[in-house]
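Everything below concerns the one structure shown next.
Numbers restart at 1 for each chain; the letters A, B, ... are given by sequence-line order, proteins then strands. Every heavy atom of this structure was used, including side-chain atoms; hydrogens, water molecules and symmetry mates were not.
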Protein chains: 2
Amino acid sequence: MSAKMPTGGRRQPTIHEVAAAAGVSIGTVSRVASDSPRVAPETRARVQAAMAELGYQPNAAARAMRTNQTKTIGFLIPDMTNQVFARVAQGAEAVLAPEGYMLFAFSSNRSPAREIEFLQAARQRRMDGLIVTLSDETATGTVEELRRMGVPVVVLDRDIPVEADIVYSEHIQPIETVVGQLLLLGHRRIGLITASHNIRPGRDRVTGFRRALERAGIPVDEWLVRARIQSAEHGAAEAHDLLTGPNPPTAILAAGSDIFYGALKAVRLLGLSIPDDLSFVGADDALLGELVYPPITVIDRDMVEVGRQAAGLLIDRLKGLDMPPRRIMLGSSVILRSSMAAPRPRTG
Amino acid sequence: MSAKMPTGGRRQPTIHEVAAAAGVSIGTVSRVASDSPRVAPETRARVQAAMAELGYQPNAAARAMRTNQTKTIGFLIPDMTNQVFARVAQGAEAVLAPEGYMLFAFSSNRSPAREIEFLQAARQRRMDGLIVTLSDETATGTVEELRRMGVPVVVLDRDIPVEADIVYSEHIQPIETVVGQLLLLGHRRIGLITASHNIRPGRDRVTGFRRALERAGIPVDEWLVRARIQSAEHGAAEAHDLLTGPNPPTAILAAGSDIFYGALKAVRLLGLSIPDDLSFVGADDALLGELVYPPITVIDRDMVEVGRQAAGLLIDRLKGLDMPPRRIMLGSSVILRSSMAAPRPRTG
DNA sequence: CTTGGCTGACATAACGTTTACATCCTTAAC
DNA sequence: GTTAAGGATGTAAACGTTATGTCAGCCAAG
């Protein structure tokens, strides 16, 4: 052969080859591979030497077929490029790895169709458990598929009619707090840009927003409430629309990390100065809020902890815990910075 | 049973149950499942109905055992929270999915030990191919493990002694360009913070840096060259050290996205103003560069394209292409913004 | 009416493990 | 010296597929 296929072609050694090399039966090799007792130290050493020599790695498929376990956890996220979900993965991984599970992340790019594909692939691969963040609670196919899973599933921050453990983040209260602050500063027209009503964070943020205004006795101008898609593009478009409208808000809440980027970019493009021309509040990306000038007030939450908690719930189920679905609610905090100020008196 | 284990416990139906339900043999079910011809339309319909009824999903492990294919590609990245790698995953996914492959991402958190664990897991799972970004070219265990893979591997932006296809990014030239610009502006002391010599990007950036200075006949002050760890912490620490030293640079190149964040944060904390007190250049996060004030000059590259190219190389190998390792070099661009200016005349 | 060709379906042998069971060999106790 | 106990190892079935070989039926041609 003149051209070698890079790192390809080599067949993986099987338990039989190891057995032959060590001069024992495959049963013995299997016992050594899975750290069973009942094997003589001398034999064990010989087998281990053969395994090392051949570079033997047990075939997970064959193993899975016998044991009905894959030691694999699937993690479905709407968007891999979003740091928020990446941090959750990090937290989950930290809990799962020591238990011998591998976490494989899959990004759906916010497409319910891709989510269904993933769930089917996960079922085909007989993954032992799942952590999922759906991009649309109202997509029935996804929920249906989730019901068929047959393995423990932990849902993140969504309300769906499925028997599963859930980790929630607090969204209502922090928005209420921030809107309260803005009202105190004198703002009366506050814009909210967030995710759609089809996912819990979107709904809750709108709820918090309304509550704060109602408590202050201020009617909600529906034009100022933009609950649509969770994306930078949406954030930019809505911010632009709000700020160039006939009666623009004096403050904007960009609730969602992507929306935060997009809205901030739109503000920059319009040449508005924060907080002189506009008060601005972001969410879920404390670092960005810190790096820009002026530093921006941000609603933040510990996503790594979300991942840890989710993995914890999953581990319990994998260990056979049998009880009704559990719910964990994790808090959010408001990091106050200098992006909020009293509104400039109307000059029009 | 009083408490039901959420979404757990349900055994998955097998091909036998589908066969029984449809009143055919398992062979026929298998042929329907894999879209073989040679099955009567009426029979096909009956089998499909049974599959839908039972929610049948073929067991991937059993399938893999027979076919020696898992339709799974592993993607090893140093850090999931880094957008750079997430974008690569996105690009790769876009190419792989239409070919029927699933991409599973795994983050090593820059630990060679975790990388070895992943490679072994990938081999156990008999993944069909791999895209890998190692965190240290000099870690021998990783390379050794890579050699044993037996399936096509595409390496991203690393020089390692393995027969594999590689996708490179251009790092020397953009640094040279930027340093050239800074020299033109009058800078003579320029600090470089980047990754260590153990990975190609770190080495190349230092090379570009030296070349630009040499061409201008300026000796390199080694104190100004900080090629260490690719992390925000390192970026912050080195920037702080440089800027508080006895003879600080008048310009800083923060070459690497994490380093960019960290260094920028350090500059903020020191209360320095860009570009008046300091010229500043970032890398790999064009969006951040755009959002901060003033907008920051950034060395950028199209990571989604990197992913696409890598997946393309992999697909070719999976289709049986047999030729010596291929190398693809992708360009980088410099996005000029207002963070570079003439150095302030020395007042000391 | 037989034969040959063809189609659709079935039966069955792998694939590489794990594990219950069988077997062999020591060693110790009677 | 026989036997029982027990530890170490071997044997073989099963897991859920795919693919190969086989066979039954049917139609057309001789």
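DNA chain C lies under 4.0 Å from at least one heavy atom of each of the following residues of residues 47-57 of chain A: A:Y56. The stretch residues 61-68 of chain B comes close to DNA chain D through B:A62, B:R63, B:R66, B:T67, each having a heavy atom under 4.0 Å from the strand.
Across all strands, A:T43 comes closer than 4.0 Å only to sugar-phosphate atoms, never to a base (heavy-atom distances). Within 4.0 Å (heavy atoms only), A:T28 reaches sugar-phosphate atoms of the nucleic acid but no base atom.
Side-chain atoms of B:T81 and B:D79 form a donor-acceptor pair, as typed in the model, at a separation below 3.5 Å. Side-chain contact of B:S111 with B:N109: a donor-acceptor pair under 3.5 Å is absent, judged by distance alone. For the residue pair B:R44 / B:Q48, no side-chain donor-acceptor distance below 3.5 Å is found, with atom types taken as modelled.
In this structure, CG of A:N59 is placed 13 Å from C1' of C:dT18, rounded to the nearest angstrom. The distance from atom CD1 of A:I15 to atom P of D:dT11 is 14 Å, rounded to the nearest whole Å. For the pair B:Q69 CD and D:dA19 C1', the computed distance is 14 Å after rounding to whole Å. As rounded to whole Å, 15 Å separates atom C1' of C:dC15 from atom CD of A:Q12. The separation between B:R31 atom CZ and D:dT18 atom P is 11 Å, rounded to whole Å. The interatomic distance linking A:D35 (CG) with C:dT18 (C1') rounds to 14 Å, in whole Å. A:R123 places its CZ atom 12 Å from the P atom of D:dT17, with the value rounded to the nearest Å. One can place CD1 of B:I26 at 14 Å from C1' of D:dA14, the figure rounded to the nearest angstrom.
Where B:A40 and A:P58 meet DNA chain C, the nucleotide closest to each residue was compared, and B:A40 sits on the side nearer the 5' end.
Contact check for B:I315 versus B:Y101: side-chain heavy atoms found under the 4.5 Å cut-off. No side-chain heavy atom of A:V155 sits under 4.5 Å from any side-chain heavy atom of A:L134.
Distances were taken from every side-chain heavy atom of A:V24 (C-beta onward) to each of D:dG10, C:dG16, C:dA9; the shortest belongs to D:dG10. Here the side chain of B:S25 is nearest to one of D:dG10, D:dT17, C:dC10, namely C:dC10.
Taking the charged nitrogens against the carboxylate oxygens, B:E99 and B:K71 have no contact shorter than 4.0 Å, which rules out a salt bridge. Using a 4.0 Å cut-off between charged nitrogen and carboxylate oxygen, B:D316 and B:R326 count as a salt-bridge pair.
For D:dT18, one of the phosphate oxygens OP1 or OP2 lies less than 4.0 angstrom from a side-chain nitrogen or oxygen of B:S30.
Between A:T14 atom OG1 and A:E17 atom CD the span is 4.0 Å, to the nearest 0.5 Å.
Ring geometry, A:F118 versus A:F106: the interplanar angle falls under 30°, so the pair is classed parallel (tilted spans 30 to 60°).
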